[in-house]
Amino acid sequence: VQNGLITAEAASAMSHAEACRLVFLPGLSTAKKVTEVSGRGVGMDVVRNNIRDLQGTVDIVSKPGAGTTFSIKLPTSLIVSKGILLEASGQEYILPLTAISDMVKIPAADAHTYSGHRMARIRGEVYSLFSLADLFDLPSRTADELSIAVISSGKTRYGLIADRFASEVEVLVKPLAGGLERCREFHGAAIMGDGRVVLVLNPLECHRLEAIEKR
C-alpha cells in the first residue's frame, strides 16, 4: 500500500493466499537497501512471466513457522532432457545424452577418407565421421585433435565431430514452431539459465541429412 502498488481497500479485502501472491508484483521489494542483487523490485515477477511464456502457472502457499511452497505446472509438451552442450564454429548445440554411447578425442591424423567418406577406428570399431560444422555449413577449423561423440541408436552408428564438449546439462526442451518444426535435425530449443536459446540436436536426422548431402 505504501508503495502504491495496491489500495488500502484492496489490501483489507485480500485473503491470505492472495496476500502471498503479492510477491509476484512488479516493483515489489522487501529489501531495506538497494544492491546489485536485491532491492530493485525484479525477481518473482520475471519468474512468473517466464513460466507463463511456457504456457505454465506458478503459485505460492506460505504458513508462518511452517514454510513456503512454490508450485510450478508446465505442459507435457515440454520435455526435460539431459544432454551434452557442445560447440561447432562458435555455435552452441545440445546433443541428447540418450543417443551418445561414447565420447572420445582422437588425433586428427587417425581419421582417413575413403570414397568420399571420413572414417576412423574408435575403440576397435570403425565409424563414419560427420562434422557438425559441415552439416550446418559453418566455417570449419583445423585441429590436431578431434572431439567425437559416438552416436548409437538401432542400426545408426556414427561419430559426430564437434569443436568442443562444454558440459553436461539438464534442460527443458520446447518444440519448435512457426515453420521451424520442419527442421527435423532439431528436437527443439532449450533456454539456458542465463537466457541463451540453444537448439537441441536430433542425431538420427542429422545423420540422414548428412547422407543426403553426400549423395
Side-chain angles (χ1 to χ4, degrees), residues 50 54 74 77-177 180-215:
N50 284 338
L54 296 172
L74 295 169
S77 59
L78 297 172
I79 307 167
V80 175
S81 177
K82 290 184 178 181
I84 298 297
L85 183 67
L86 49 80
E87 293 181 7
S89 298
Q91 301 294 318
E92 292 183 319
Y93 301 94
I94 294 173
L95 184 63
L97 209 56
T98 53
I100 304 172
S101 64
D102 203 352
M103 296 170 62
V104 299
K105 289 185 177 182
I106 66 170
D110 288 355
H112 305 280
T113 302
Y114 180 75
S115 297
H117 294 276
R118 201 174 187 187
M119 310 179 80
R121 185 179 295 276
I122 300 173
R123 304 196 195 282
E125 298 285 336
V126 176
Y127 292 89
S128 295
L129 301 180
F130 300 106
S131 166
L132 193 56
D134 292 344
L135 178 66
F136 297 127
D137 292 324
L138 299 172
S140 57
R141 68 181 184 88
T142 302
D144 296 330
E145 194 174 55
L146 301 179
S147 298
I148 301 172
V150 178
I151 307 299
S152 180
S153 180
K155 295 182 179 180
T156 301
R157 295 170 65 253
Y158 71 97
L160 187 65
I161 302 173
D163 291 345
R164 185 174 77 93
F165 299 129
S167 62
E168 183 177 333
V169 294
E170 187 170 304
V171 292
L172 203 61
V173 182
K174 187 174 182 180
L176 298 176
L180 293 176
E181 67 274 7
R182 292 194 294 269
C183 299
R184 298 175 63 185
E185 60 269 28
F186 301 115
H187 275 307
I191 300 177
M192 309 301 287
D194 59 3
R196 301 189 332 274
V197 177
V198 179
L199 291 167
V200 180
L201 297 169
N202 180 345
L204 297 185
E205 291 298 333
C206 286
H207 173 261
R208 295 189 184 113
L209 180 61
E210 182 74 8
I212 291 172
E213 290 182 352
K214 290 289 185 182
R215 290 200 296 266

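- Pairs passing the ring pair (Phe, Tyr, Trp, His ring centres under 6.0 Å) check and including a residue from residues 82-101, sequence neighbours excluded, read Y93-F136.
- Residues passing the side chain to side chain contact (heavy atoms under 4.5 Å, CB included) test with R121, sequence neighbours excluded: V126.
- Taking OG of S89 as the reference point, atom CG of L132 lies at 8.5 Å (rounded to 0.5 Å).
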| said: side chain to side chain contact (heavy atoms under 4.5 Å, CB included), that's the test. Do D134 and R118 meet it? Break it down for me. | reply: CA-CA 12 Å; D134 292 344; R118 201 174 187 187; 5.7 Å; no
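- Residues satisfying the side-chain hydrogen bond (donor to acceptor under 3.5 Å, both in side chains) criterion with Q91, sequence neighbours excluded, are absent altogether.
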Got a list of side-chain donor-acceptor pairs under 3.5 Å for residues 186-196, not counting sequence neighbours?
{"residue": "D194", "atom": "OD1", "partner": "R196", "partner atom": "N", "Å": "3.2"}
{"residue": "D194", "atom": "OD1", "partner": "R196", "partner atom": "NH1", "Å": "3.0"}
{"residue": "D194", "atom": "OD2", "partner": "R196", "partner atom": "NH1", "Å": "2.5"}
{"residue": "R196", "atom": "NE", "partner": "E92", "partner atom": "OE1", "Å": "2.9"}
{"residue": "R196", "atom": "NH2", "partner": "E92", "partner atom": "OE1", "Å": "2.9"}
{"residue": "R196", "atom": "NH2", "partner": "E92", "partner atom": "OE2", "Å": "3.4"}

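- A pairwise comparison of heavy atoms in Y127 and G159 identifies CB-N, 4.3 Å as the closest pair.
- Distance check: S131 OG to L160 CG gives 8.0 Å after rounding to the nearest 0.5 Å.
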Apply the test side chain to side chain contact (heavy atoms under 4.5 Å, CB included) to residues L176 and L199: give CA-CA distance (whole Å), side-chain angles for both, the deciding distance (0.1 Å), then the verdict.
CA-CA 9 Å; L176 298 176; L199 291 167; 4.2 Å; yes
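- Screening residues 138-148 for salt bridge (Lys or Arg N to Asp or Glu O under 4.0 Å) gives R141-D163 as the qualifying pairs, with residues at least two apart or on separate chains.
- Residues passing the side chain to side chain contact (heavy atoms under 4.5 Å, CB included) test with R164, sequence neighbours excluded: E87, A166.
- Atom NE2 of residue H112 and atom CE of residue M119 lie 11.0 Å apart, to the nearest 0.5 angstrom.
- Here the SG atom belonging to C206 is positioned 5.0 Å from the CG atom belonging to L135, to the nearest 0.5 angstrom.
- For Y158, the side-chain hydrogen bond (donor to acceptor under 3.5 Å, both in side chains) test picks out no residue, with sequence neighbours left out.
- Atom CD1 in I151 sits 12.0 Å away from atom CZ in R157 (nearest 0.5 Å).
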N/O donor to acceptor pairs below 3.5 angstrom from side-chain atoms of residues 96-110, sequence neighbours left out:
{"residue": "S101", "atom": "OG", "partner": "V150", "partner atom": "O", "Å": "3.3"}
{"residue": "D102", "atom": "OD2", "partner": "R123", "partner atom": "NE", "Å": "2.4"}

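- In this structure, the separation between CD on E168 and CD1 on I84 is 5.0 Å, given to the nearest 0.5 Å.
- Remark: S167 pairs with L85, V169 by the side chain to side chain contact (heavy atoms under 4.5 Å, CB included) rule, at least two apart or across chains.
- Of all the heavy atoms in A88 and L138, the pair that sits closest is O-CD1, 3.6 Å.
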